[in-house]
*Asks:* 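Here you go, one structure.
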There are 2 protein chains.
Amino acid sequence: MTDKDLRDRIKEVAVKQFNANGYYGTTIRNIANEVKCSLPMIYYYYNNKKELFDEIIKKDFFNVVKKQASHLKSDNIIDLYTKFIYNLNALSDYEKLVYRLGIKVYLSFDGDEELMNLMDEWEKSILPRHREILKSHTKNLDNEKAIVRTLVHLLETLIENIVVKNRYLPEDEIREEISIVLQGCVAK
Amino acid sequence: MTDKDLRDRIKEVAVKQFNANGYYGTTIRNIANEVKCSLPMIYYYYNNKKELFDEIIKKDFFNVVKKQASHLKSDNIIDLYTKFIYNLNALSDYEKLVYRLGIKVYLSFDGDEELMNLMDEWEKSILPRHREILKSHTKNLDNEKAIVRTLVHLLETLIENIVVKNRYLPEDEIREEISIVLQGCVAK
DNA sequence: TCCTTTATTTAACGTTCGTTAGAATTTTAT
DNA sequence: ATAAAATTCTAACGAACGTTAAATAAAGGA
C-alpha cells in the first residue's frame with residue numbers, strides 16, 4: 001500500500017472519491033489531501049481531471065469486466081451463471097469501486113458523451129453474447145429471445161446489488177433466481 | 001408552461017440539470033439562466049441548493065412512486081405487473097426525470113446520507129409488499145420467497161430501462177419477461 | 001564529482017461557485 | 001391614491017475551483 005506507485009495511489013483515491021461525490025463533487029485538492037501529496041503531483045501523472053476519470057473507465061473498468069467475463073465457462077448453464085454472479089462477491093474493494101463507477105457511467109449518471117458512447121457499444125454486445133452461450137447449452141426454444149432478455153435483465157440487478165449497493169449475495173440465492181428464469185431451458 | 005409558477009419552473013429546470021450534471025455539477029446560475037430569471041430568485045423560493053434538491057426527492061419523487069404504485073390492481077397477476085411496468089412509458093417527461101433522479105439517489109449515486117436513509121426505509125417495504133400481492137393472487141408455493149425476489153429484481157431492471165435509460169418497452173415484451181418469472185405461480 | 005533527469009513543492013493565476021445585502025419594481029389591499 | 005406586501009433585480013462577498021509557473025529536492029549515470 002505505501003510502496004505502491006504514487007500514480008496508482010492517486011487513481012485509487014480518485015476512484016473512491018468519484019464514486020462518493022461524482023465527477024464535479026470530486027476536487028483535485030481532496031484527492032491530493034487523501035493521497036498525502038501536493039496538489040500539482042496529480043498533474044504530474046495525469047494531464048487533467050477528465051483524463052484521470054477517463055482512464056479509470058476506459059482502462060480499469062473494461063479490464064474488470066473482461067476479466068470477469070472470461071470466467072464464463074461450465075457445462076451446466078445454471079452453474080455457469082451462478083458462478084459468474086457469485087464471483088463478483090470476491091472482487092477486491094478497488095475492483096468493485098471501479099465496476100461501480102463504470103455502471104454509474106453506463107447509466108449516464110456520470111461521465112460525458114464520449115464515455116456514454118463507449119458504454120452503448122459495449123451494451124450492444126451483451127445480448128448476442130448471452131444468446132450464444134444459451135444456444136450452446138440448451139435445446140431449441142420457441143421463446144429463446146424472451147428468455148435471454150429476462151436472464152440479462154436479472155443478471156443486471158444481481159450485479160447492481162453486489163457492486164453498486166455493495167451487498168453480499170449468497171450462492172444459493174443467486175442459483176434460485178437464475179433457475180427460475182432458466183427453468184424452461186434445462187432438463188430437471 | 002409559460003404561465004406556471006416561477007417556483008415550479010425553477011424546480012423543473014433543476015430536475016433536468018441535477019439529472020444531467022449531478023448535484024455538484026449543477027449550479028444555481030445555470031438554473032437561473034435556463035429559467036430566464038435572475039440568480040437570487042432561486043433563493044427567494046428555496047433557502048439553498050440542498051433544500052431544492054431535497055424537495056425534489058422527498059416530495060416529488062415519492063409522489064410519483066406512490067401514484068404509480070396505486071395502480072397495482074387487477075385479478076390477473078401477470079396483467080397486474082405488466083401494466084404496472086408498461087404504465088411507466090406514459091409518465092410525463094418531468095415525472096420520468098424525477099423518478100430517474102430518485103433512482104440515482106436510491107443507488108447512492110447522488111444526494112447525501114439523509115436521503116439515502118429515506119431510500120433504505122422505502123426499499124425495505126418493497127419485498128413484503130410484493131409478497132402480499134403474490135400471496136393473494138396465487139396458490140401456495142414452496143419457493144415463494146425466491147420467486148418474489150426474482151420478480152422484484154426483474155421489475156427493477158425494467159423500471160431502469162424505461163426511466164433511467166429512457167427507453168420505450170413494448171407491452172408484450174414486458175409480459176413475456178414477467179410470465180417467465182411467474183410461470184410457476186399461475187395456471188395456464 | 002558534476003550534470004541531467006525525475007520527482008515534488010510553494011505560491012499563485014483567473015474563474016466560478018453558493019450565498020447575501022440592499023435597492024427597485026410590481027402587485028395587492030384599503 | 002397610497003401604503004404595505006410580495007416579487008425581482010444589480011452587484012458584490014469570500015471561498016473554492018482547475019490549472020500552471022517556477023523553484024527546489026532527490027536520484028542516477030558519466
Side-chain angles (χ1 to χ4, degrees), chain A residues 1-60 101 104-105 109-115, chain B residues 1-60 101 104-105 109-115:
Chain A
M1 171 96 163
T2 38
D3 249 344
K4 212 184 299 175
D5 265 354
L6 180 54
R7 191 178 195 280
D8 286 342
R9 276 185 20 243
I10 289 172
K11 185 153 65 175
E12 199 171 318
V13 168
V15 165
K16 220 163 84 179
Q17 300 208 8
F18 281 137
N19 257 289
N21 307 113
Y23 182 81
Y24 294 108
T26 298
T27 72
I28 308 289
R29 279 169 181 83
N30 283 343
I31 295 174
N33 280 344
E34 191 171 336
V35 174
K36 287 189 200 314
C37 69
S38 72
L39 187 155
M41 284 309 296
I42 318 281
Y43 289 93
Y44 184 72
Y45 288 110
Y46 300 92
N47 281 327
N48 51 49
K49 187 181 175 182
K50 176 168 161 31
E51 195 177 279
L52 172 55
F53 188 91
D54 284 4
E55 177 173 316
I56 293 165
I57 301 298
K58 290 183 184 169
K59 254 179 69 176
D60 295 52
L101 197 58
K104 195 170 174 182
V105 173
F109 282 143
D110 215 335
D112 59 0
E113 204 177 333
E114 185 207 351
L115 291 180
Chain B
M1 169 101 161
T2 40
D3 250 343
K4 213 185 296 173
D5 266 354
L6 179 55
R7 191 177 195 283
D8 286 342
R9 276 186 19 243
I10 288 172
K11 186 154 64 173
E12 199 170 318
V13 168
V15 165
K16 219 163 84 178
Q17 300 208 8
F18 281 137
N19 257 289
N21 307 113
Y23 181 81
Y24 294 108
T26 297
T27 71
I28 308 289
R29 279 170 180 81
N30 284 342
I31 296 175
N33 281 344
E34 192 171 335
V35 174
K36 287 186 199 317
C37 68
S38 72
L39 188 155
M41 285 309 296
I42 318 280
Y43 289 94
Y44 184 74
Y45 288 110
Y46 301 92
N47 280 327
N48 50 50
K49 187 181 175 183
K50 178 167 159 30
E51 195 178 277
L52 171 54
F53 188 89
D54 284 3
E55 177 173 316
I56 293 166
I57 300 300
K58 290 184 185 169
K59 253 179 70 177
D60 295 52
L101 197 59
K104 195 170 175 183
V105 173
F109 282 144
D110 215 336
D112 59 0
E113 204 177 335
E114 186 207 351
L115 292 180

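Each chain gets a letter, A, B and so on, in the order the sequences are listed, and its residues count up from 1.
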*Asks:* Would you jot down, in residue-number order, the residues of residues 23-33 of chain B having a non-hydrogen atom under 4.0 Å from DNA chain C?
*Replies:*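 Nucleic-acid contacts, sorted: B/Thr26, B/Thr27, B/Ile28, B/Arg29.
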*Asks:* Can you sort out the partners of B/Arg7 under salt bridge (charged side-chain N to carboxylate O under 4.0 Å, His left out), two or more places apart, ordered by chain and number?
*Replies:*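 Checked B/Arg7 against salt bridge (charged side-chain N to carboxylate O under 4.0 Å, His left out); matches are B/Glu55.
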*Asks:* Not counting sequence neighbours, which residues clear side-chain hydrogen bond (donor to acceptor under 3.5 Å, both in side chains) with B/Thr26? List them please.
*Replies:*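 Once residues adjacent in sequence are excluded, B/Thr26 has no partner under the side-chain hydrogen bond (donor to acceptor under 3.5 Å, both in side chains) criterion.
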*Asks:* Taking all atoms of both residues into account, what is the closest heavy-atom pair of B/Ile10 and B/Ile31, and its distance?
*Replies:*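 Answer, listing the atom of B/Ile10 first, then B/Ile31: O-CG2, 4.1 Å.
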*Asks:* Test B/Arg9 against B/Leu6 for side-chain contact (heavy atoms from CB on, under 4.5 Å), laying out the working first.
*Replies:* CA-CA 5 Å; B/Arg9 276 186 19 243; B/Leu6 179 55; 4.0 Å; yes
*Asks:* Show me, pair by pair, the donor-acceptor contacts under 3.5 angstrom made by side chains of residues 32-44 of chain B, not counting sequence neighbours?
*Replies:*
{"residue": "B/Glu34", "atom": "OE1", "partner": "B/Gln17", "partner atom": "NE2", "Å": "2.9"}
{"residue": "B/Glu34", "atom": "OE2", "partner": "B/Lys16", "partner atom": "NZ", "Å": "2.6"}

*Asks:* Could you work out, with salt bridge (charged side-chain N to carboxylate O under 4.0 Å, His left out) as the rule, every residue matching B/Lys104, not counting sequence neighbours?
*Replies:*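 B/Lys104 satisfies salt bridge (charged side-chain N to carboxylate O under 4.0 Å, His left out) with B/Asp110 only.
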*Asks:* Kindly write out the residues that satisfy side-chain hydrogen bond (donor to acceptor under 3.5 Å, both in side chains) with A/Asn19, not counting sequence neighbours, or none if the list is empty.
*Replies:*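 For A/Asn19, the residues satisfying side-chain hydrogen bond (donor to acceptor under 3.5 Å, both in side chains) (neighbours in sequence not counted) are A/Arg100.
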*Asks:* Please list, pair by pair, any protein nitrogen or oxygen found under 3.5 Å from a nitrogen or oxygen in nucleotides 4-10 of chain D.
*Replies:*
{"residue": "D/dT7", "atom": "OP2", "partner": "B/Tyr44", "partner atom": "OH", "Å": "2.9"}
{"residue": "D/dT7", "atom": "O5'", "partner": "B/Tyr44", "partner atom": "OH", "Å": "3.4"}
{"residue": "D/dT8", "atom": "OP2", "partner": "B/Tyr45", "partner atom": "OH", "Å": "3.2"}
{"residue": "D/dC9", "atom": "OP2", "partner": "B/Ser38", "partner atom": "N", "Å": "2.8"}
{"residue": "D/dC9", "atom": "OP2", "partner": "B/Ser38", "partner atom": "OG", "Å": "2.7"}

*Asks:* Can you list everything that forms a side chain to side chain contact (heavy atoms under 4.5 Å, CB included) with B/Glu114? Sequence neighbours excluded, please.
*Replies:*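 Only B/Lys50, B/Asp54, B/Lys58, B/Asp112 meet the side chain to side chain contact (heavy atoms under 4.5 Å, CB included) criterion with B/Glu114.
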*Asks:* Write down the distance between CG (A/Asn48) and C1' (D/dT19), rounded to a whole number of angstrom.
*Replies:*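 In whole Å, D/dT19 C1' and A/Asn48 CG are 9 Å from each other.
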*Asks:* Can you list every pair that meets ring pair (Phe, Tyr, Trp, His ring centres under 6.0 Å) and has a residue in residues 8-31 of chain B, with sequence neighbours left out?
*Replies:*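 Passing the test, one end in residues 8-31 of chain B: B/Phe18-B/Tyr23, B/Phe18-B/Phe53, B/Tyr23-B/Phe53.
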*Asks:* How would you give the extent of chain A contacts on DNA chain C, as first and last nucleotide 5' to 3' within a 4.0 Å heavy-atom cut-off?
*Replies:*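 It runs C/dT6 to C/dA12.
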*Asks:* List the residues meeting ring-ring contact (aromatic ring centres under 6.0 Å, His included) with B/Tyr46, not counting sequence neighbours, and say none if there are none.
*Replies:*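 B/Tyr46 satisfies ring-ring contact (aromatic ring centres under 6.0 Å, His included) with no other residue.
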